[in-house]
Asker: 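First the structure, which I've put down as structure tokens, then a few questions once you've had a look.
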Amino acid sequence: MQENKFLEELQIRATEQKKLHSDIPFPAFFSFISTHLGNHPWKPLIPISVLISILFYFLFGKQYIEFVLWIFKVL
């Protein structure tokens, strides 16, 4: 492929990407999440899982703890 065709192809793809990005609802939120998860995939998942566990603990109490222990007992 010639260099000028390659550059044209890149330009077309860049404009398509910008259009897709502008069509996304909450573009700033999703672009932050995608760039952060792209660079650090495990870093945000640990605090999110802790918050979800705390939420489930407050919603279900001891039943949630028993359920989690049952899952690890079965595995």
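If you're wondering where the values come from, they're calculated on a predicted model, not measured in any experiment. Any value given below was found using the heavy atoms of this structure, including those in side chains, with hydrogens, waters and symmetry copies removed.
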Asker: I need the E8 CD to R13 CZ distance, nearest 0.5 Å.
Answerer: 13.0 Å

Asker: Should L51 and L55 be counted in the same cluster of Ile, Leu, Val, Met, Phe, Trp and Tyr side chains packed under 4.5 Å apart?
Answerer: no

Asker: Hey, could you give me the CD/CD distance between Q2 and E9, rounded to the nearest 0.5 Å?
Answerer: 13.5 Å

Asker: Consider only side-chain heavy atoms of I, L, V, M, F, W and Y, link residues closer than 4.5 Å, and tell whether V68 and I46 are in one cluster.
Answerer: no

Asker: F6, I12: one ILVMFWY side-chain cluster at the under-4.5 Å cut-off?
Answerer: no

Asker: With Y64, which of F58, W70, F56 fulfils ring-ring contact (aromatic ring centres under 6.0 Å, His included)?
Answerer: F56

